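What follows is a set of notes on a single structure, which appears directly below.
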Amino acid sequence: MSRSLFISDLHLSAERPDTSEQFFRFLGDEARRAQALYILGDLFEYWAGDDELTDRAGDPLAREVASGLKSLSEAGVEIRVMHGNRDFLIAEGFFSASGAGFLEDPTVIQVRGKAIALMHGDTLCTDDHDYQNWRRTARSAEWQKDFLSKSLSERHAAIQGLREKSKEVIAAKPAEIMDVNQDAVREAFRRHNVRRMIHGHTHRPARHEHEVDGHACERWVLPDWYGRGGYLALDEVGPRLVSF
Ligand code: MN
């Protein structure tokens with residue numbers, strides 16, 4: 001029996017030890033009984049660079065998470081990690097320390113002959129123009145090169161500043177702007193030629209039905225781990241959302 005689990009938006013941070021505990025429990029329990037674990041972005045609250053794992057100013061939690069994933073991968077579970085909008089600087093150093101493989105956003109996987117599109121979900125939120133502009137900047141090679149040339153402590157300080165600013169911006173925005181755009185969703189189903197999609201980012205866990213060019217399609221949205229947290233399990237029974 002092949003079983004894959006999908007999680008996203010854990011936003012792991014030393015500030016929320018309960019969530020980290022939940023994550024390490026999950027790695028030792030449900031995840032260990034699966035064949036594959038897909039992490040669809042925002043595993044970390046933020047990732048300032050792979051020197052989180054090696055620098056003296058690095059976050060000890062980052063090393064614990066990498067080694068927790070490493071034990072899981074050594075136990076034979078295939079792990080794939082996609083970038084989220086918080087941890088898009090995860091790179092080779094993290095992948096080799098954790099035993100996880102990089103998962104491009106988007107990726108189409110085949111499960112029992114059925115294609116499923118996986119994505120973080122931020123690219124579907126096309127109504128949030130400020131965010132999409134910031135995303136283009138932050139994903140550019142120039143911005144990343146410049147940012148990574150700063151010391152880790154400077155990067156931590158810069159990220160704190162960005163987080164404060166983004167809290168104010170988000171509080172001032174109508175909720176629907178930060179949800180997916182229905183045209184972008186239909187366009188993604190078409191472009192990837194799939195009937196099923198799994199993503200996170202919006203923190204609105206659900207199963208949505210869409211009709212795209214006469215086809216019945218379904219879109220699964222993963223839960224965040226700010227609250228109880230949970231995952232999507234996919235086995236021969238089909239996909240279902242599980243809350244802790
Ligand atoms: Mn996100």
Side-chain angles (χ1 to χ4, degrees), residues 5-16 19-20 22-23 26 37-49 52 59 61-62 65 69 79-91 94 100 102-107 117-140 143-144 147 155 158-182 184-185 188 197-206 208 219-232 241 243:
L5 304 184
F6 300 80
I7 56 175
S8 72
D9 303 284
L10 290 81
H11 294 270
L12 296 177
S13 148
E15 289 161 31
R16 278 190 309 280
T19 305
S20 309
Q22 180 71 268
F23 177 63
F26 170 77
L37 172 64
Y38 291 90
I39 303 176
L40 301 188
D42 289 353
L43 171 62
F44 294 100
E45 178 71 12
Y46 64 84
W47 189 260
E52 290 285 9
D59 183 353
L61 178 64
V65 170
L69 290 172
I79 309 170
R80 292 279 176 272
V81 175
M82 183 179 279
H83 285 155
N85 52 301
R86 307 296 200 100
D87 54 11
F88 57 87
L89 288 174
I90 287 178
F94 175 81
F102 176 57
L103 187 65
E104 197 80 54
D105 181 1
T107 290
L118 308 178
M119 56 196 80
H120 178 55
D122 53 334
T123 54
L124 300 173
C125 301
T126 52
D127 294 326
D128 193 342
H129 303 292
D130 302 336
Y131 170 70
Q132 296 300 336
N133 286 334
W134 155 247
R135 188 181 195 279
R136 265 187 295 278
T137 303
R139 301 297 176 103
S140 71
W143 185 89
Q144 295 194 2
F147 187 72
R155 275 174 273 148
I159 287 168
Q160 285 306 332
L162 284 172
R163 286 169 79 202
E164 288 308 314
K165 213 172 87 187
S166 111
K167 263 183 222 158
E168 288 162 26
V169 171
I170 286 168
K173 250 176 218 175
E176 59 275 15
I177 286 183
M178 288 180 297
D179 202 354
V180 298
N181 172 290
Q182 295 301 320
V185 169
M197 186 187 297
I198 303 172
H199 72 81
H201 181 66
T202 60
H203 302 199
R204 294 166 165 97
H208 296 279
R219 178 170 64 91
W220 292 85
V221 186
L222 302 172
D224 66 70
W225 289 42
Y226 281 131
R228 278 190 299 167
Y231 56 91
L232 182 138
L241 284 167
S243 295

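What you see is a predicted model; the values in this text were computed from it and never measured. All ligand and atom numbering here is 1-based and tracks the order in the structure.
- Restricting D42 to its N, O or S atoms, the one at the least distance from the Mn ion (ligand 1) is OD2.
- Using a cut-off of 2.8 Å, one finds that S8 contributes no N/O/S atom close to the Mn ion (ligand 1).
- Checked against H120 for a ring pair (Phe, Tyr, Trp, His ring centres under 6.0 Å), the options H199, H83, H201 give a single hit: H201.
- The angle that H201 ND1 and H120 NE2 make at the Mn ion (ligand 1), rounded to 10°, works out to 90°.
- Applying side chain to side chain contact (heavy atoms under 4.5 Å, CB included) to L10 and the options F26, F23, F44 leaves one that passes, F23.
- Aromatic pair W47/F88: centroids not less than 6.0 angstrom apart.
- Among the backbone and side-chain atoms of D122, none of the N, O or S atoms lies under 2.8 Å from the Mn ion (ligand 1).
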Handout entry: Criterion side chain to side chain contact (heavy atoms under 4.5 Å, CB included) on I7 and L40, from CA distance to verdict
Key = CA-CA 6 Å; I7 56 175; L40 301 188; over 6 Å; no
